Amino acid sequence: MSLQVKAVTQQFHGQTILDKLDLTFEPHTIYGLLGRNGAGKSTLLNIISNRIFASDGTVTLDDETLVDNDATLGRLYLMSEVNLYNERTKLNKLLTTTAQFYGDFDQAYAVKLAGQFDLDLNARFGKLSTGYRTIFKLIVALCVPADYIFLDEPVLGLDANHRELFYQALIDTYTERPRTFVISTHLIEEIANLLENVVILDQHKIVVSGGVPDVLAKAYTITGPETDVQQYTESLNVIGTDHLGGITAHYVYGDLPDDRPIPDTVQVEHLDLQKLFVNLTNATEVAHAN
Amino acid sequence: MQFNFNSTEPIYLQVAEQIEEAIFTQTFAEGTQIPSTTEISKEFHINPATVLKGMNILVDNQLIEKRRGVGMFVIAGAQARVVAKRRDQFYDDYVKKLVSEARKLHITKEELAQLIERGFATQ
Amino acid sequence: MPTKLRTTTHYLFTEQLRLLGWTYVYLIAIFLILPFIFDLISGNLKDFSLTGSIATLGLGAVFGLFLMITMSLTYDHFKLFIQNGISRKTFWRARILSMLAMGLVGTIITAIYDYAIVVPLRFDSIAKFFNNGNFYTLYIHYFGNNLAINIFASLIMLLLAYILLGTTGLAFGSIFSLLSKTTRRLVLILGPILGIFFLFFIASNSNGHSSDSFIWLLDLFKFLVGDFNNAAAGHLNPLMPMLTMLVGSSIMAGIAYFFNQKLKVKS
C-alpha cells in the first residue's frame, strides 16, 4: 500500500530534469516536497499524475501502473500551478464535473469552504484572480475522494488570513479522513510542523527523504570561535557556514561523532527545517547530504 | 493555553512540555478536559500525529488520561506528580548551571550562598 | 461499460449536443433572420421567401462540418479529463462513442430536414429529390426502384460520411494538439496554400491529357466511389463508397489513437 516512484528520469532537449528518482509515498501521511525553483518538483508531480511521460522509470500505486490507468489515476489528484480548467466554465459546473468523474465528491464541504473563503461559485474560472484560482483549486483538492492529494504551490497568491484558513481546513479534512497529502511550497516555515515526512529535491536529485524529526535530529548548527568550530567539524558533512564578527557557525547535516569531545567554547544546536533547506540547496555551497 | 515553540527541539516533546507546564500552573486543573489533538493541531499548524505523540508521553507519565469518546482529561494528582518530577530535576536543570556560571564569574561558594539568601529574602 | 467511460462519453456527448444547438441557432440567425431584416429595411420584403430560405439552409452539410470541427477539439478536453483522473485511452474511446452517437443524431436530423422540409418545399417527390443534386443520384438505380431501400441506403451512406468526417477531425485534432503554437499556425497557413497549389498542379497537368501520370489518381478515386468501368450515373455501386468510408474512418481512428496516446499537459 503505497505510491512508488522508481528510477524516474526526465530528460528534455539533452538536459536532465530528474535524475533517477526513487521515492515512496505512504498512505495517510502529510509530506513536504521541497525544492528551489527549477529543481524539478512540478515535473515530478506531472509524471506521477501521468500528465507527461517520464524518459525512464516507473510510477505505481499499490503495484499498479499510473500510466493510462483510470483505476489508479482516479485515486490521486494533483492541484497544479498550471490551470487545466476551461476559463469560460463556471465554478459550480466545474464542481459538478469533478463530482461526475471522481464520484463521492464532498459537495457540502466544498460549498462550506467556498463560503469561508468568500468565493462566489457562480463566477467563471477565468474571471478569478490568482489567489482565488488557487482557492478554488484547493477547495476541489480537499473535497475529492482521492487517496493521494498533491498540492503544488497551494498558497500561491493567498493572503495571510486565507493561508491560515487553508491550513486549518487541511487539518480538519485530514483528521476527518486521513489520506496522503504531498505539499510543495516555498513557505517552509508555515508548514514545517504540519509535515510528518519531508523530501528535498536539489539539482534534479533527492537530497533528503525521511521523517521530519529524524531529519532534523541530524541537522546541527555548531557555533563558536572559527578555529574551534573548524577543528570540531573537520571531515563532517558541513552544508553551510556563517560568520558574524569572530563567531563562526557551521551547519552540519549528519550524525555527530561520539568519540570527538565538544569544546567548551563551541555550542551545538539543532537547525529548523527552513534553515536546513536553505543550506542544503544553496547553489554556491557544495552540499552533500548523507 | 499559550504555546511558545522554538526550533531546536522536536515538536512532539515541546507539545508534551507545554501541556505539562499548563498542568503545573493549573491552567489545566485536575479533572478537567484539555484541548483535543485536532484543536491543538489546528491552532498551531502541527501535524495531528505529532500532537498525539506528545500527548502519549503525558499519558505514559500518568498526567492525563483518555476518556473514550470524550477526550483527554487531567488525572487527579497530576500536578503533584509534575512537582515531584521537577524537584527531581531541579539539581540537574538549575543548580549545575548556577554553579558553572558562578565559577566562570569567580563567585565563591560563600558568595553564592549569600546571593541565594538574598533571593529568598527579597522575593 | 465502465463507469468512467460512460461518464466521459456522456460529458462529451452532452457538450456536443449543446454546441450543435448553438450552431443551428446561429445558422438560423445568419441565414434566415438577417436576410429577413435586411429585406425588411431595404424595402424588398417581397423578395424574401421564408420557405426558400428554410429549404436551402443545408442542415446536413453544416452538420458534417460541425462534427469534424467539434471532434477536432482535443486539448481543452484532455486537460479537464487528465485533471479528473481520466486516462488517455478512455478519453479516446469516449470520443469515438460520442462521435458515433452524434453521427446518428446528425443522420436523424438530416433525414427529418430532408424528407419533412426540403422535399415538400423544393421537390414534388422523393424520387425527384434523389434525381436532383443529391449525392445519392449516382447510386439511385443500383438497388432497383424500391424507395424505402434507397432512403435507407442513402442514410447509411450519410452516417458513414459523418463518421469519416468525425474521425478525420479526431485525427487532425489529436495531431494538432501535440504541435506547438507556432508550428500549428504555420501548418494552418501553409497547409491550404500548398493544397491549392497541388490542386492547380493536378488540374493543369491532367487537362486534356488522358495519358498523364495523374490519371491513376482519378482512377483510384473512381474506384473508391464505386465507379467501376465507367458505369453510367445512377448505376454506381454504393457498397464501394460505404466500404471506402468505413476503411477510411478506421484508419483515421487509428491515427487519432496513436497521437492521442502521446497527449501531454503543456506547461
Side-chain angles (χ1 to χ4, degrees), chain A residues 10 12 17 38 40-43 45-54 61 64-89 93-105 125 137 140-141 144-150 152, chain C residues 1-19 21-22 70 72-98 173-174 177-183 256-267:
Chain A
Q10 180 74 333
F12 193 67
I17 295 162
K41 292 167 296 181
S42 298
T43 306
L45 296 181
N46 278 335
I47 288 174
I48 290 174
S49 57
N50 197 214
R51 292 182 183 184
I52 60 174
F53 301 100
L61 178 52
E64 272 189 71
T65 181
L66 272 154
V67 176
D68 218 15
N69 187 348
D70 288 337
T72 44
L73 285 175
R75 288 182 53 203
L76 66 79
Y77 183 88
L78 165 60
M79 173 218 158
S80 57
E81 221 182 316
V82 182
N83 296 310
L84 298 188
Y85 295 123
N86 194 316
E87 304 240 316
R88 293 181 304 276
T89 316
K93 169 96 193 290
L94 287 174
L95 290 184
T96 323
T97 306
T98 310
Q100 276 174 8
F101 290 119
Y102 273 100
D104 273 341
F105 185 79
F125 186 74
K137 291 188 289 182
V140 176
V144 287
D147 300 327
Y148 290 81
I149 313 284
F150 296 86
D152 195 3
Chain C
M1 201 195 294
T3 324
K4 292 214 169 179
L5 179 58
R6 195 177 47 216
T7 317
T8 313
T9 310
H10 179 255
Y11 181 90
L12 287 171
F13 182 61
T14 45
E15 188 76 12
Q16 270 185 307
L17 274 186
R18 201 176 56 83
L19 282 176
W22 280 111
T70 53
S72 74
L73 304 175
T74 304
Y75 189 62
D76 268 3
H77 285 137
F78 169 69
K79 279 197 309 188
L80 181 73
F81 292 142
I82 199 78
Q83 172 73 83
N84 283 296
I86 303 297
S87 67
R88 290 166 182 78
K89 209 177 289 159
T90 302
F91 177 37
W92 179 83
R93 285 180 184 156
R95 289 211 285 173
I96 294 282
L97 289 176
S98 163
S174 302
S177 55
L178 290 174
L179 303 178
S180 70
K181 235 176 209 163
T182 356
T183 330
Y257 182 79
F258 179 78
F259 288 101
N260 183 84
Q261 290 302 96
K262 294 185 183 303
L263 286 174
K264 60 182 180 182
V265 167
K266 296 164 194 167
S267 49

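In this text the structure is predicted, and so the values were computed from the model without any measurement. Here is the naming used below: chain letters follow the sequence lines, and residue numbers restart at 1 for every chain. Below, each value reflects all heavy atoms present in this structure, side chains not excepted, and no hydrogens, waters or symmetry copies.
Atom NZ of residue C/Lys266 and atom CG of residue A/Asn46 lie 14.0 Å apart, to the nearest 0.5 angstrom. Going from atom CG of C/Asn84 over to atom OG1 of A/Thr98 covers 4.5 Å, rounded to the nearest 0.5 Å. Atoms CZ and CD, from A/Phe53 and C/Gln261 in turn, are 7.0 Å apart once rounded to the nearest 0.5 Å. To the nearest 0.5 Å, the span separating CD1 on A/Ile52 from NZ on C/Lys264 amounts to 7.0 Å. To the nearest 0.5 angstrom, A/Asn50 atom CG is 5.0 Å from C/Ile82 atom CD1. Note that CZ of C/Arg88 and CZ of A/Arg51 are 10.5 Å apart. Values are rounded to the nearest 0.5 Å.
If you measure heavy-atom distances from A/Ser49 to chain C, the contacts under 4.5 Å come from the backbone alone. Only the side chain of A/Leu94 comes within contact range of chain C, with at least one heavy atom under 4.5 Å from a heavy atom of that chain. Contacts of C/Phe81 with chain A are made by side-chain atoms alone, with heavy-atom separations under 4.5 Å and no backbone atom involved. In this structure, chain A has no heavy atom under 4.5 Å from any part of C/Leu5. Of the two parts of C/Thr8, the backbone and the side chain both hold a non-hydrogen atom closer than 4.5 Å to a non-hydrogen atom of chain A.
Interface check for chain A: of the options C/Lys79, C/Gln83, C/Lys89, C/His10, the most heavy-atom pairs under 4.5 Å are formed by C/Gln83.
Closest approach of C/Ser87 and A/Asn69 over heavy atoms only: CB-N, 3.7 Å.
At a threshold of 4.5 Å between non-hydrogen side-chain atoms, the residues C/Ile86 and A/Leu73 do not count as touching. You'll find the side chain of C/Leu80 stays beyond 4.5 Å of the side chain of A/Asn86, heavy atoms only.
Side-chain contact annotation: C/Thr90 with A/Asp70, donor-acceptor N/O pair under 3.5 Å present.
Between A/Phe101 and C/Tyr11, the ring planes lie tilted relative to each other; the angle falls in the 30° to 60° range.
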